[in-house]
Amino acid sequence: MADDYYQILGVKRSATPEEIRKAYKKLAQKHHPDLNPDDKNAQAKFKEIQNAYDVIGDAEKRKKYDQFGSNFENMGAGPGPGPGPGGFHQYRSAGGGPGPGGQQFEFDLGDLFGGGGGGQGFSDIFGFGGGGGGAGGGSRRRHAQPMRGHDIQHDTSVSFKQAMEGGEINLNVRRPNGEMDRLTAKIPPGIEDGKKIRLRGQGDPGPGGGPNGDLLIRIHVESHKYFKRNGKDLEVQVPVTLAEAMLGGSVDVPTPGGTVTMKIPPGSSSGRRLRVRGQGVPSSKGDAGDLYVVLQVTVPEHPSDELKAAVQSFADSHPDENPRKDLRW
């Protein structure tokens, strides 16, 4: 029984030229004999696939095949692989042997590896245009597309303040030729530690005239003595005196949006948290977090005799005062 070219390519008889082309490319990549050196059946399978595409991949041949299928099925030997000039491999079409009736097409095996044989994955091999122009259009050579250059990763550190406020950073990038290139990049307000900024076209040049890769700048945010970040919120440790904690008062607190004045409630202990809405991590979207002020009561390292006497007097007058009475394991 004659071969069914549609069945060989795994497409329906109503398939579009694009569907036929995609099916052919997929099967050609899978069964190419040069990619399956240990498979004795690969060459025969590839010849079968090429024969099928040579016919139904061409609009005129497909029309005749659909009407007089048996005539095409008996047209002669399928393609036979052999090295052609210039390192190319040639395959005969279904039109027959090397005589005038048999057309050829050529492809560079470097195309299978994205150009240059680097083994970096299959590229768009056998990328013929619409309507099956490859198999029916005579001898044709498919060149590898220019490859994109590699991306470069560069690490840089910014202060906590600069990460919150955003701005420009300058960095020096060493190029493949050894030269140093000074670049400027903008960082958005509120950038997180470990995030990357992409500078398009600032990576390595593409081989063969291909487009440049990108420069990926990974940001490392330095720690702050008083501030720390919790998602969109900021937390700041604010020292207060014993008098401010006991009697209350007002203190100035710096924030990314400017200095704000906080009221300290009387009788505040260390660790008390006070919230300032909208003064957290800035955001270009306008949804800044909140600032949490954590009070830290400080006492003099070398108190005067007068202060020590006052504290002792307070302790004597409050013998039942025990801040650890609820402490349990």
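Computed from a prediction, not measured in an experiment: that's the story for all the values here. Below, each value reflects all heavy atoms present in this structure, side chains not excepted, and no hydrogens, waters or symmetry copies.
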Other residues, nucleotides, ligands: >12 heavy atoms within 6.0 Å of [X] [atom1]:
X	atom1	value
E222	CD	yes
K45	NZ	yes
E168	CD	yes

Given the rule that I, L, V, M, F, W and Y join up when any side-chain heavy atoms are under 4.5 Å apart, are [X] and [Y] in one cluster?
X	Y	result
V294	L291	no
Y292	V276	no
V221	L216	no

Ring geometry between H224 and F227 (parallel below 30°, tilted from 30 to 60°, perpendicular above 60°): perpendicular
Gap separating the CG atom of L327 from the CG atom of N322, nearest 0.5 angstrom: 9.5 Å
Would you please say whether a donor-acceptor pair under 3.5 Å links the side chains of R13 and Y5? no
N170 and T184 side chains, donor-acceptor separation under 3.5 Å: yes
Ring centroid separation H31 to F46 under 6.0 Å: no
Please confirm whether the backbone N or O of S313 pairs with a side-chain atom of S317, one donor and one acceptor, at under 3.5 Å? yes
Where do [X] and [Y] come nearest, in terms of heavy atoms and distance?
X	Y	value
N172	M180	CB-CE, 3.5 Å
N212	G206	OD1-N, 3.8 Å
A288	G278	CB-O, 4.0 Å

Can you sort out the partners of Q296 under side-chain hydrogen bond (donor to acceptor under 3.5 Å, both in side chains), two or more places apart, ordered by chain and number? Q237
Between [X] and [Y], does at least one N-O distance fall below 4.0 Å, as a salt bridge requires?
X	Y	answer
D151	K196	no
R229	E235	no
K64	E60	no
D66	K63	no

Check step by step if side-chain contact (heavy atoms from CB on, under 4.5 Å) holds for V293 and L295. CA-CA 6 Å; V293 175; L295 302 181; 4.2 Å; yes
Do D252 and T259 pass the side-chain hydrogen bond (donor to acceptor under 3.5 Å, both in side chains) test, and can you show the C-alpha distance, the side-chain angles, and the key distance before you say yes or no? CA-CA 6 Å; D252 291 336; T259 300; over 6 Å; no
